[in-house]
Amino acid sequence: MRQTQRPVTVVTGGSRGIGAAICARLAADGHDLAIGYRSDAAAAEAVARTVRAAGAACVTVAVDTADATSVDHLFTTTATELGPVTGLVNNAGVRGPMGRLADADPDEMRAALDVNFLGYLLCARRAVQDMTGTATRGAIVNISSAAATLGGPGEYVHYAAAKAAVDGMTIGLSKELAADGIRVNCVAPGIIWTEFHADPQRPAKRAAAIPLGRAGQPEEIAGAVSWLLSADASYATGTIMRVAGGM
Ligand code: NAP
């Protein structure tokens, strides 16, 4: 096992979009990283190359965050390859079925909820098991969404509700873990340019409804995540930081 004083941070969904930008930023800010991805090993490896070029140690691990055994494998591999886990970015998420709730397929909706909420609980559960009782104080950042308060009507009420649950989980867990020295915070992005959207032009089409007049870039989320994981945020826990262009 590699001995290190650098933070060791697990980022789920690190192969693309916001997660990939978070990995690049955390590597630049001194973290060693476990990049969790579901299916796109080549994309994860491309992110890993960027991370290593910044001087960080890195491992890529295939994981289904909705599956407890798979999550255990992610964290065990990370600890074996990089050392004790000190941070988690709960980022892996899916859009799920689009449209009105009345038309949503129950199985598709359940599969989305399993990733968007149960997966966050499973990853946080295992991270806390690993972090509790260690000398290093840990930190968790959950990626929620502005949809948690906007509601996603006509698009994905189930997704927005799962993100509201992530906000609630952040508050509860932050209080549960404060005495253990583990901080738990949340970043709630607005509309960001990634491959997440069913209509690739949705970020442009929604720009007029965003007070700053444009959708955001993944890198504009990554900085907030890095700050919440850093010592500069030592007094921040239970925070839901909205980074949504004013939405
Ligand atoms: P994205 O580009 O679609 O990337 C999703 C990532 O999650 C990929 O790395 C994917 O891995 C991974 N993933 C999906 N299902 C998984 C599973 N079951 N287990 C493990 N990994 C899984 O999405 P994004 O836009 O970057 O979104 C990242 C987070 O930000 C999500 O939680 C999303 O809800 C949230 N968010 C996004 C926006 C936005 O406008 N984009 C706004 C607010 C919040 P593979 O590539 O290997 O499949």
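Order of listing sets the numbers, starting from 1, for every ligand and every atom in it. Worth knowing before you read on, the calculation uses all heavy atoms, side chains too, and leaves out hydrogens, waters and symmetry mates.
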Checklist entry - In the protein, which heavy atom is nearest to atom 9 (O) of ligand 1, and how far is it? => result Ser15 OG, 2.7 Å
Checklist entry - Going by heavy atoms, is Lys163 under 4.0 Å from ligand 1? => result yes
Checklist entry - What class does the angle between the rings of Tyr156 and His158 fall in, given that below 30° is parallel, 30 to 60° is tilted and above 60° is perpendicular? => result perpendicular
Item to check | Path from Leu121 to Val89 over hydrophobic side-chain contacts below 4.5 Å | outcome: yes
Item to check | Contacts of type salt bridge (Lys or Arg N to Asp or Glu O under 4.0 Å), residue Glu220, not counting sequence neighbours | outcome: Arg214
Item to check | Candidate pair Asp167 and Ser144, rule side-chain hydrogen bond (donor to acceptor under 3.5 Å, both in side chains), full reasoning | outcome: CA-CA 7 Å; Asp167 288 356; Ser144 167; 2.7 Å; yes
Next on the checklist: Looking at ligand 1, is there an atom of it that comes within less than 4.0 Å of some heavy atom belonging to Ala44?
Outcome noted: no
Item to check | Nearest protein heavy atom with distance in Å, relative to atom 40 (O) of ligand 1 | outcome: Ile192 N, 2.9 Å
Next on the checklist: Give the atom numbers and elements of ligand 1 that come within less than 4.0 Å of a heavy atom of Ile18.
Outcome noted: 26 (O), 30 (O), 37 (C)
Checklist outcome for this item: Counting heavy atoms under 4.0 Å, the part of Tyr159 that contacts ligand 1 is side chain
Item to check | Ligand-side contact atoms (ligand 1) for residue partner Val94, heavy atom cut-off under 4.0 Å | outcome: 14 (C), 15 (N)
Checklist outcome for this item: shortest atom 21 (N) of ligand 1-to-protein heavy-atom contact is with Ala92 CB, 3.4 Å
Item to check | Asp32 vs Val51 side-chain heavy atoms within contact, under 4.5 Å | outcome: no
Checklist entry - Counting N and O atoms only, with roles assigned by atom type, does the side chain of Arg183 sit under 3.5 Å from a partner on the main chain of Ala236, one being a donor and the other an acceptor? => result yes
Checklist entry - Among protein heavy atoms, which sits nearest to atom 19 (N) of ligand 1, and what does the distance come to when rounded to 0.1 Å? => result Thr65 N, 3.0 Å
Item to check | Ala164 to Ala148 - nearest heavy-atom pair and separation | outcome: N-CB, 3.5 Å
Next on the checklist: So if I count the atoms of ligand 1 from 1 in the order they appear, which ones are less than 4.0 Å from some heavy atom of Gly17?
Outcome noted: 2 (O), 26 (O)
Checklist entry - salt bridge (Lys or Arg N to Asp or Glu O under 4.0 Å) with Asp107: which residues, sequence neighbours excluded? => result none
Checklist outcome for this item: Quick look: Ser144 vs ligand 1, heavy-atom contacts under 4.0 Å, and the answer is backbone
Checklist entry - Below 3.5 angstrom, do we get any N/O pair linking Asp64 and ligand 1? => result yes
Checklist entry - Looking at Val94 and Ala112, what are the two nearest heavy atoms and their distance? => result CG2-CA, 3.8 Å
Next on the checklist: With the threshold set at under 4.0 angstrom, would you say Gly36 reaches ligand 1 through any of its heavy atoms?
Outcome noted: no
Item to check | Heavy-atom proximity to atom 11 (O) of ligand 1, best of Arg206, Arg38, His197, Glu195 | outcome: Arg38
Checklist entry - Do Phe196 and Tyr159 make the cut of ring centroids closer than 6.0 angstrom? => result yes
Checklist entry - At a non-hydrogen distance cut-off of under 4.0 Å, which region of Tyr120 contacts ligand 1 (side chain, backbone, both, or neither)? => result side chain
Next on the checklist: Return the closest protein heavy atom for atom 12 (C) of ligand 1 as residue, atom name and distance.
Outcome noted: Gly13 CA, 3.6 Å
Checklist entry - Quick one: does Thr50's side chain have a donor or acceptor within less than 3.5 Å of a partner on Ala24's backbone? => result no
Checklist outcome for this item: min-distance protein heavy atom vs atom 3 (O) of ligand 1 -> Arg16 NH1, 3.4 Å
Item to check | Polar contact flag for Ile191 and ligand 1 (N/O pairs, less than 3.5 Å) | outcome: no
Checklist entry - When hydrophobic residues are tied together by side-chain contacts of less than 4.5 Å, even through go-betweens, does Leu177 share a cluster with Met241? => result yes
Item to check | Heavy-atom nearest neighbour in the protein, as seen from atom 25 (O) of ligand 1, with distance rounded to 0.1 Å | outcome: Thr194 OG1, 2.6 Å
Next on the checklist: I'd like to check Pro203 versus His197 (side-chain heavy atoms, cut-off strictly below 4.5 Å). Are they in contact?
Outcome noted: yes
Item to check | Residue Ser39 vicinity, atoms of ligand 1 by number, heavy atom under 4.0 Å | outcome: 45 (P), 47 (O), 48 (O)
Checklist entry - Please state which protein non-hydrogen atom is closest to atom 28 (C) of ligand 1 and give its distance, to 0.1 Å? => result Asn91 OD1, 3.2 Å
